[in-house]
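Read through the structure below, which is laid out as structure tokens, and then see the notes.
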Amino acid sequence: MPVSDYIASIRSRIGTDLLLLPGVTAVIRDRDRFLLARHRHSGLWSLMGGAVEPGEEPAEALHREVGEETGAAVRIRAIVGVYGGEPMMVTYPNGDQVGYVTTAYDCELLSAAVADQDELLEVGWFARDEIAALPRRDWIDRVIADAGVGPQVVVIRPATPEDATAIARVHARSWRETYGKFVDDPEMNPWFAVERRIEMWTTALEDTATPPMVAVADGEIIGFAAAQRTPEPEAVRPEEVTALYVLSSAHGNGAGQALLDAVIADRHASLWVAADNPRAEAFYRRNGFRPDGAVSTFGPIPRTLRMVR
């Protein structure tokens with residue numbers, strides 16, 4: 001792909017001198033087999049990825065880069081690690097020197113991958129012992145080693161009344177992580193109290209015929225989501241996603257996407273998101289939601305946006 005306007009503007013001032021860039025790397029794998037690409041400018045095999053553009057979420061950059069290079073879609077399952085230093089220094093054929101600090105994401109391939117013939121010559125699946133025999137970028141060995149033999153398994157299932165306390169704890173903790181900045185003292189604010197959430201969820205799970213879905217990893221609930229019908233004639237969409245929370249420690253492992261898919265699939269729906277929550281808004285945009293101009297407030301959150309698809 002052509003150099004971005006942002007990088008081109010910097011290069012116009014510094015020439016080919018070293019430029020430090022944030023990057024993303026896709027560790028696309030099926031158990032212990034990895035999808036690698038042979039790059040045109042070097043002839044070497046490596047993992048796919050590239051630079052993060054200004055204002056772009058790293059996860060968005062990863063989806064964009066994989067799509068541009070192979071036309072494929074991926075699902076992010078977890079963050080493998082962050083890498084930099086001498087192994088991440090690259091000199092391109094035109095003399096441009098770049099040092100990358102890259103976030104590597106463990107990914108699942110969702111559609112066919114075909115080399116674009118612009119940046120990539122070919123792509124292929126390789127086991128670890130096969131990778132060791134390839135002419136390759138040395139730094140990928142560390143990333144592949146860090147990827148282990150399998151991602152954390154996240155199970156999505158309907159909530160039960162016995163889950164009330166665990167869901168309440170995730171709910172309260174997620175609120176503190178996401179909205180604690182809107183109040184002076186989350187410890188004293190009733191919106192962030194665990195006890196209030198336990199009471200609410202105990203009642204809700206006893207009375208509902210359509211329970212929320214929970215994400216479970218290593219035997220612990222790490223997130224939940226809920227949706228409901230909106231039968232009012234004036235409703236903007238027939239369904240609304242009323243909640244989707246995942247603990248920040250589990251961000252990047254695919255739980256949020258799996259929960260959204262479980263409660264709403266690809267159906268038309270609406271939802272509300274805090275106006276000062278770019279990560280959440282970017283996530284919903286990737287899933288086809290767009291702001292429709294409606295704004296509101298909720299509890300301590302000073303401004304929320306409605307998004308629809």
*For D185, look at atom CG and say whether over 12 heavy atoms of other residues, nucleotides or ligands are found less than 6.0 Å away.*
yes
_Flag if over 12 foreign heavy atoms under 6.0 Å of CD, E122_ = yes
*Would a distance-only check, ignoring hydrogens and angles, find a side-chain to backbone donor-acceptor pair under 3.5 Å from R13 to S9?*
yes
*Is it the case that Q257 and D261 place a side-chain donor and acceptor less than 3.5 Å from each other?*
yes
*Residues that D17 engages under salt bridge (Lys or Arg N to Asp or Glu O under 4.0 Å), provided they are two or more places apart*: none
_Check R157 with D163, please: is the shortest side-chain N to carboxylate O separation under 4.0 Å?_
yes
*Hey, are the side chains of V273 and P291 touching, using non-hydrogen atoms and a 4.5 Å cut-off?*
no
_Any donor-acceptor pair under 3.5 Å from H268 side chain to P238 backbone_ = no
*Just do the side chain to side chain contact (heavy atoms under 4.5 Å, CB included) check on N277 and I301 with the steps written out, would you?*
CA-CA 11 Å; N277 192 349; I301 307 172; over 6 Å; no
*Checking T297 side chain against R303 main chain: does a donor-acceptor pair fall under 3.5 Å?*
no
*Sequence neighbours left out, what pairs pass ring pair (Phe, Tyr, Trp, His ring centres under 6.0 Å) with at least one residue falling in residues 18-49?*
H41-Y92, W45-F126
*Would you say E108 has more than 12 foreign heavy atoms packed within less than 6.0 Å of its CD?*
yes
_Over 60° means perpendicular and under 30° means parallel, so tell me whether W201 and F224 are parallel, tilted or perpendicular._
perpendicular
*Answer whether the closest heavy-atom distance between the side chains of V241 and L260 falls below 4.5 Å.*
yes
*Kindly check if the number of other-residue, nucleotide or ligand heavy atoms within 6.0 Å of CG (D5) is above 12?*
no
_What's the separation between atom CG in L47 and atom CZ in R137, rounded to the nearest 0.5 Å?_
12.0 Å
*asked:* Is any side-chain heavy atom of P58 closer than 4.5 Å to one of Y105?
replied: yes
*Taking it one step at a time, do H63 and I76 satisfy side chain to side chain contact (heavy atoms under 4.5 Å, CB included)?*
CA-CA 9 Å; H63 288 289; I76 295 174; 3.9 Å; yes
*Are W272 and V246 connected in the hydrophobic side-chain network, where two residues link if heavy atoms are under 4.5 Å apart?*
no
*Considering only heavy atoms from C-beta outward, does the side chain of I14 approach that of R11 to under 4.5 Å?*
yes
*May I ask you to test the V98-I7 pair for a side-chain heavy-atom distance under 4.5 Å?*
no
*Mind running side chain to side chain contact (heavy atoms under 4.5 Å, CB included) on Y83 and T25 for me, showing each step along the way?*
CA-CA 10 Å; Y83 304 86; T25 297; over 6 Å; no
*Cluster link L44 to M89, ILVMFWY, side chain under 4.5 Å*: no
*Without swapping roles, check the side chain of R267 against the backbone of V263 for a donor-acceptor pair under 3.5 Å.*
yes
*asked:* Run T70 and L35 through side chain to side chain contact (heavy atoms under 4.5 Å, CB included) and show every step you take.
replied: CA-CA 11 Å; T70 69; L35 184 67; 5.7 Å; no
_To the nearest 0.5 Å, what is the distance between CE on M48 and CD on E69?_
7.0 Å
*With a 4.0 Å cut-off, would you call E68 and R64 a salt bridge?*
yes
*Do the ring centers of W191 and F182 come within less than 6.0 Å of each other?*
no
_Donor-acceptor pair, distance only, cut-off 3.5 Å: does the side chain of T208 make one with the backbone of A204?_
no
*Is the closest side-chain heavy-atom distance between L62 and C107 below 4.5 Å?*
yes
*Check whether any side-chain heavy atom of W125 lies under 4.5 Å from a side-chain heavy atom of I28, and answer yes or no.*
yes
_E57 side chain vs A61 backbone, donor-acceptor pair below 3.5 Å_ = no
_Would the distance check show the side chain of S111 and the main-chain N or O of A73 forming a donor-acceptor pair, the cut-off being under 3.5 Å?_
yes
*Does the R309 side chain pair with the main chain of R290, one donor and one acceptor, at a distance under 3.5 Å?*
no
*So, does R29 use its side chain to make a donor-acceptor pair with the main chain of R33 at under 3.5 Å?*
no
*Hey, does the side chain of R136 reach the backbone of A132 with a donor-acceptor pair shorter than 3.5 angstrom?*
yes
*Honestly curious: do F283 and V154 fall in one hydrophobic cluster under the side-chain, below-4.5 Å linking rule?*
yes
*Kindly work out whether a path of hydrophobic side-chain contacts (I/L/V/M/F/W/Y, heavy atoms less than 4.5 Å apart) joins L259 to Y284.*
yes
*asked:* Hydrophobic clusters here meaning ILVMFWY residues chained together by side-chain heavy-atom distances under 4.5 Å, can you tell me if V90 and V101 are in one?
replied: no
